[in-house]
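Naming convention: chains lettered A, B, ... in sequence-line order (proteins, then strands); numbering from 1 in each chain.
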Protein chains: 2
Amino acid sequence: MTVDDAGAKSSLQRGLAILRLLADGNETGARLTDIARALNLTPPTVHRILKTLVEEGMVEADKGSKRYRLGIDLFAMAARAGNPNNLRDICRPIMLRLSATLRDTIFLMVRSGFDAVCLDRSEGPFPIRSFTGDIGGRVTLGIGQGSLAILAFLPEEEREEVIRFNLPRMQGVGILDEVYLRTEIARVRDVGYASRSTGLLPGMSGVAVPVLDRQGHAVAALSVGTINERLNEERLPVVVDILRREAAGVCRQLNPFDPVLRRPAAILGSGAA
Amino acid sequence: MTVDDAGAKSSLQRGLAILRLLADGNETGARLTDIARALNLTPPTVHRILKTLVEEGMVEADKGSKRYRLGIDLFAMAARAGNPNNLRDICRPIMLRLSATLRDTIFLMVRSGFDAVCLDRSEGPFPIRSFTGDIGGRVTLGIGQGSLAILAFLPEEEREEVIRFNLPRMQGVGILDEVYLRTEIARVRDVGYASRSTGLLPGMSGVAVPVLDRQGHAVAALSVGTINERLNEERLPVVVDILRREAAGVCRQLNPFDPVLRRPAAILGSGAA
DNA sequence: TCATCTATTCCGCATATCGGAAACTTTCTC
DNA sequence: GAGAAAGTTTCCGATATGCGGAATAGATGA
């Protein structure tokens, strides 16, 4: 990801570029010169911007002022970004219930550009792997069940745009070609859920249902990640059924507008069973 | 929180100020004029900055371009900020184990300036309330068990600074006066854990142990939040003991430096029991 | 329909930002 | 441990960059 060449102008853009750079490789941290090199900036410039970012609490300088990494402040601030339309709050109890009932790990995914992002995750007792990884993790939209469920139920125009953009990105991740992808999407739209389309992660399986808005377009996906044995022909329909029911509940809470009054009701208390 | 008056100069600072403003009230979103008013900026300025932020994916403009809110991109980026020294990754399995064993909710707290921030949280079956709230939530350092455990084990100099700064902030939240706070801190240092210092949240109790570095200073705290009945004199020592053991494990994984080689070993796989 | 409030574009001025050069510090090498 | 190399930080003048007043376009409501 080269942010350097052409466009990087304003100090805001440069600052954000630095933040993004720090976000990759945040475990290790980055040194001033590395940042300068990576972004085609001069050390003084990077230094000044970093200074500002540190003052603002977005970046922390390691002792001895050697390495820079993202600050906890940024984390705390941005944590609130992961709750669009109260989606996360609404889904939290549902996810807890799901992981307790199903004894599997539940994911809440939303779209972000050409990716899907994991908004929340509720662990089950079985250790699993997933594309998404942890909360905040990203996957190419279309890879993985939750991701695919969202893609399949995007408005047609957007769906086409995403497919066009993402096909090249999917090479070598199990998506063979466009025909295959479109077949998958059609099937997901048909049956209303996405189920272990491919055995991309050995031994792992998953199911996902979309959370739809009034127009029938995906705003999110609820998905289950588990091991192959726990998603056999017998159990799959049961899981799908439960997921569907909960997704419908989310949908209802997401559109809490009285058609007449257009008043966004505060309904978080009315626990849906 | 007025960021306006004196210092706001650079576009970077203004941009970050806008992000922070959007972070509050992110459920509802903010309009351009509101932002301008709140930050003492002119509408054109805010518009231009917002445009940049939207282009950079940090902010999303609601349909009809009426309201702005933080973008999922920011969330995804900042999620990595919540893993300093791999602390979160290291603690994840431990927290899962703890919440499964104790059947209570476990919190992972770290310091951020004069606050403590909730880095992670693993839910138990009992619904609880806490100061920290969700992941990313903040509390004044010293209020709540996890928070207090960190404060108590800060280097003396920093501790004093925090106490001085935070005492006024604690008015009306159960901290009566400085003497009381210092007594509490001394006791926590003495026994090595913080336990429901005050019944601030009716019906709720908690215990926390610090995660210490080599110098014996707190880098984090593991805490349990539960209801009063579940933390009686009988159970408390048991819980403390388990917490201590796990905290020690975290500590060991946090300092994975071979004293001679100074090589940061990648040890995440070596599951500590 | 008109009035009011809000969002967006334009543009000249002033300022905040840039980066070269150099001092200073840390880290590496022998 | 001394010298070299790389990295970090300060300084400062030129200029590009972002600022905000004013005017336009769009939305909202009476």
Side-chain angles (χ1 to χ4, degrees), chain A residues 3-19 21-22 25 28-56 58-69 71 257 260-264, chain B residues 3-22 25 28-56 58-71 257-264:
Chain A
V3 202
D4 46 285
D5 320 303
K9 304 164 201 169
S10 72
S11 66
L12 214 192
Q13 284 171 311
R14 287 170 200 234
L16 294 176
I18 289 180
L19 288 181
L21 189 77
L22 290 178
T28 147
R31 289 183 315 174
L32 188 144
T33 338
D34 300 335
I35 300 173
R37 258 193 291 275
L39 300 177
N40 256 14
L41 298 171
T42 60
T45 300
V46 174
H47 182 256
R48 186 168 21 79
I49 295 178
L50 277 175
K51 204 173 140 205
T52 304
L53 289 173
V54 169
E55 280 166 5
E56 296 286 325
M58 300 292 107
V59 167
E60 286 169 9
D62 231 351
K63 327 221 180 187
S65 52
K66 289 164 56 126
R67 290 180 167 273
Y68 295 87
R69 53 182 55 191
F257 289 94
V260 177
L261 293 176
R262 304 254 320 286
R263 171 171 52 83
Chain B
V3 201
D4 46 286
D5 321 304
K9 303 162 202 169
S10 72
S11 65
L12 213 193
Q13 284 171 310
R14 288 169 200 236
L16 295 176
I18 290 181
L19 289 181
R20 259 194 296 267
L21 188 78
L22 290 178
T28 146
R31 290 182 315 173
L32 189 144
T33 338
D34 301 334
I35 300 172
R37 258 192 291 274
L39 299 177
N40 256 13
L41 297 171
T42 60
T45 301
V46 175
H47 181 257
R48 188 167 17 80
I49 295 178
L50 276 175
K51 203 173 140 204
T52 304
L53 288 173
V54 170
E55 279 165 5
E56 296 285 327
M58 301 291 106
V59 167
E60 286 169 8
D62 232 352
K63 328 224 181 188
S65 51
K66 289 165 57 122
R67 289 180 167 273
Y68 295 86
R69 52 182 54 193
L70 298 182
F257 289 93
D258 182 305
V260 178
L261 292 177
R262 304 253 321 284
R263 171 172 51 84

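- Side-chain proximity of His47(A) to dT10(D), dG7(D), dC18(C): nearest is dT10(D).
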Collect all protein-nucleotide pairs involving nucleotides 11-13 of chain C in which both atoms are nitrogen or oxygen and the distance is under 3.5 Å.
none

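- Between Ile18(B) atom CD1 and dC19(D) atom P there is a gap of 9 Å when expressed in whole angstrom units.
- By the side-chain hydrogen bond (donor to acceptor under 3.5 Å, both in side chains) test, Thr28(A) is found to be paired with no residue, residues two or more places apart in sequence or in another chain being considered.
- Between the C1' atom of dC18(C) and the CG atom of Leu39(A) lies a distance of 15 Å, rounded to the nearest Å.
- By the side-chain hydrogen bond (donor to acceptor under 3.5 Å, both in side chains) test, Thr52(B) is found to be paired with no residue, residues two or more places apart in sequence or in another chain being considered.
- Following rounding to the nearest Å, Leu53(B) (CG) and dG18(D) (P) show an atom-to-atom distance of 12 Å.
- Taking only side-chain atoms of Ile49(A), from C-beta outward, the nucleotide of dC18(C), dT6(C), dG19(C) with the closest atom is dC18(C).
- Between the side chain of Arg67(B) and the main chain of Asp62(B), no donor-acceptor pair closer than 3.5 Å is present.
- The distance from atom CG of Leu32(B) to atom P of dT8(C) is 6 Å, rounded to the nearest whole Å.
- Residues passing the side-chain hydrogen bond (donor to acceptor under 3.5 Å, both in side chains) test with Arg48(A): none are found, sequence neighbours excluded.
- Across all strands shown, Arg48(B) has heavy atoms under 4.0 Å from base atoms, whether or not it also approaches the sugar-phosphate.
- Contact between the side-chain N/O atoms of Thr45(B) and the OP1/OP2 oxygens of dG20(D) is found at a separation under 4.0 Å.
- OP1 or OP2 of dG20(D) has at least one side-chain nitrogen or oxygen of Arg14(B) nearer than 4.0 Å.
- Closest to the side chain of Thr42(A), from the set dG20(C), dC19(D), dA16(C), is dG20(C).
- Proximity of a side-chain donor or acceptor of Arg69(A) to a complementary backbone N or O of Glu60(A) within less than 3.5 Å is not detected.
- Mapping Ser11(A) and Pro43(B) onto DNA chain C via the closest heavy atom, the residue that lands nearer the 5' end is Pro43(B).
- Summarising the geometry, the separation between CG on Asp62(A) and P on dT27(C) is reported as 12 Å, rounded to the nearest angstrom.
- Rounded to an integer number of Å, the gap from NZ of Lys51(B) to C1' of dG18(D) is 13 Å.
- Residues Arg31(B) and Lys66(B) come closest through the heavy atom pair CG-O, 3.5 Å.
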Kindly give the atom pairs (protein nitrogen or oxygen, nucleotide nitrogen or oxygen) under 3.5 Å for nucleotides 24-30 of chain D.
from: dT28(D); atom 1: OP1; to: Lys66(B); atom 2: NZ; distance (Å): 2.9

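- Across the protein-nucleic acid pair, Leu12(A) atom CG and dA16(C) atom P stand 16 Å apart, rounded to whole Å.
- Ile35(A) has its CD1 atom 15 Å from the P atom of dG19(C), to the nearest Å.
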Would you list the protein and nucleotides 22-24 of chain C atom pairs, both N or O, that sit under 3.5 Å from each other?
none

> Would Ser11(B) and Ser10(A) count as a side-chain hydrogen bond (donor to acceptor under 3.5 Å, both in side chains) if you check the C-alpha gap in whole Å, the side-chain angles of each, and the deciding distance to 0.1 Å?
Replying inline: CA-CA 8 Å; Ser11(B) 65; Ser10(A) 72; 5.3 Å; no

